[in-house]
Student: 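Once you've had a glance at the structure underneath, I'll fire off some questions.
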Amino acid sequence: MTAIERQRMTRMIFGVVAMFGLLIVPCAQSQEEILILQSAADRQPIACADRDVVIRADDQRYSLAGKCRSLILEGDRNIVSIELVSGAMLTVSGSQNLIYWTGRFGAPSIVDAGSGNRITPLGDGTTGR
């Protein structure tokens, strides 16, 4: 197994475990590497700055720019646009969310444990902005 495959597998495991409330923050990462959003969204784009993102909210709009490593979305009826790095992971555990992603190196790994979610590339999903 290559280093990239191990990294993807680790992120997928952490994402699935976090969805079920068994793990809040991966132990190998510092708080500076994780962006946690729980309040009303700001209309301005939020700088991801090569971090992992956790959103715990309902009925909000988020625009995340700056190459996010992963997204865990726990909530309902949110609209999220996100710019992703290569090998990113999207994990959704709510319902009726709309997630629009963009990235240069293909589709992210996606775990959708909710219902009625729509996860789709913005543009063609392979060329970035």
Side-chain angles (χ1 to χ4, degrees):
M1 182 180 290
T2 68
I4 292 173
E5 290 171 327
R6 279 194 305 274
Q7 181 182 22
R8 284 183 181 167
M9 180 67 75
T10 300
R11 283 192 180 153
M12 183 174 69
I13 291 169
F14 280 136
V16 171
V17 171
M19 279 191 313
F20 294 104
L22 301 174
L23 181 67
I24 295 177
V25 176
C27 58
Q29 296 176 324
S30 69
Q31 287 295 334
E32 291 105 28
E33 294 176 328
I34 301 171
L35 176 60
I36 300 174
L37 305 170
Q38 297 181 22
S39 60
D42 188 3
R43 294 275 176 196
Q44 300 298 318
I46 298 167
C48 221
D50 197 35
R51 293 184 283 179
D52 296 303
V53 179
V54 177
I55 297 175
R56 295 182 184 122
D58 295 320
D59 301 305
Q60 298 298 316
R61 290 177 180 244
Y62 292 96
S63 177
L64 300 155
K67 310 275 190 211
C68 303
R69 291 189 306 212
S70 68
L71 170 66
I72 296 174
L73 176 57
E74 302 168 347
D76 302 322
R77 300 169 307 279
N78 295 292
I79 300 172
V80 178
S81 65
I82 185 167
E83 183 180 358
L84 299 169
V85 299
S86 174
M89 176 81 184
L90 294 179
T91 306
V92 184
S93 63
S95 63
Q96 304 300 317
N97 293 293
L98 301 174
I99 301 171
Y100 300 99
W101 61 269
T102 184
R104 291 187 173 196
F105 302 102
S109 298
I110 298 172
V111 175
D112 183 357
S115 63
N117 295 310
R118 187 170 145 209
I119 304 167
T120 186
L122 185 61
D124 68 7
T126 60
T127 60
R129 293 179 192 214

Student: Measure the CG-CD distance between Asp58 and Glu74 for me, rounded to the nearest 0.5 Å.
Tutor: 11.0 Å

Student: For the atom pair CE (Met89) and CG (Leu84), what is the distance rounded to the nearest 0.5 Å?
Tutor: 11.5 Å

Student: Is any side-chain heavy atom of Asp52 closer than 4.5 Å to one of Arg69?
Tutor: yes

Student: What residue pairs, at least two apart or across chains, pass disulfide bond (SG atoms under 2.5 Å apart) with a residue in residues 56-87?
Tutor: Cys48-Cys68

Student: Show the numbers, then the answer: is there a side chain to side chain contact (heavy atoms under 4.5 Å, CB included) between Thr120 and Tyr100?
Tutor: CA-CA 5 Å; Thr120 186; Tyr100 300 99; 3.3 Å; yes

Student: Answer whether the closest heavy-atom distance between the side chains of Trp101 and Glu83 falls below 4.5 Å.
Tutor: no

Student: With sequence neighbours left out, write down each residue that passes side chain to side chain contact (heavy atoms under 4.5 Å, CB included) with Ser115, or none if nothing qualifies.
Tutor: Ser95

Student: Does the side chain of Val111 come within less than 4.5 Å of Val92's, by heavy atoms?
Tutor: no

Student: Is the closest basic N to carboxylate O distance between Glu33 and Arg51 below 4.0 Å?
Tutor: no

Student: Could you state the interatomic distance from CG (Leu122) to CD1 (Ile99), rounded to the nearest 0.5 Å?
Tutor: 13.0 Å

Student: Atom OG1 in Thr91, atom CG in Leu73: separation rounded to 0.5 Å?
Tutor: 9.5 Å

Student: Sequence neighbours left out, what passes side-chain hydrogen bond (donor to acceptor under 3.5 Å, both in side chains) with Asn97? Give chain and number order.
Tutor: Asn78, Asn117

Student: List in chain and number order the residues that pass side chain to side chain contact (heavy atoms under 4.5 Å, CB included) with Leu37, two or more places apart in sequence or in another chain; answer none if no residue qualifies.
Tutor: Leu35, Ile46, Val53, Ile55, Tyr62, Leu64

Student: Begin from the C-alpha positions of Val85 and Asp50 and carry the test side chain to side chain contact (heavy atoms under 4.5 Å, CB included) through to its verdict.
Tutor: CA-CA 8 Å; Val85 299; Asp50 197 35; 3.9 Å; yes

Student: List the atom of Pro108, the atom of Leu90, and the distance in Å for their closest heavy-atom pair.
Tutor: CG-CD1, 3.8 Å

Student: Check the pair Lys67, Arg104 against side chain to side chain contact (heavy atoms under 4.5 Å, CB included), reporting the backbone distance first and the verdict last.
Tutor: CA-CA 10 Å; Lys67 310 275 190 211; Arg104 291 187 173 196; 4.0 Å; yes

Student: Can you list everything that forms a salt bridge (charged side-chain N to carboxylate O under 4.0 Å, His left out) with Arg77? Sequence neighbours excluded, please.
Tutor: Asp59

Student: Between Gln96 and Asp76, does a side chain to side chain contact (heavy atoms under 4.5 Å, CB included) hold up when you go through it step by step?
Tutor: CA-CA 6 Å; Gln96 304 300 317; Asp76 302 322; 5.7 Å; no

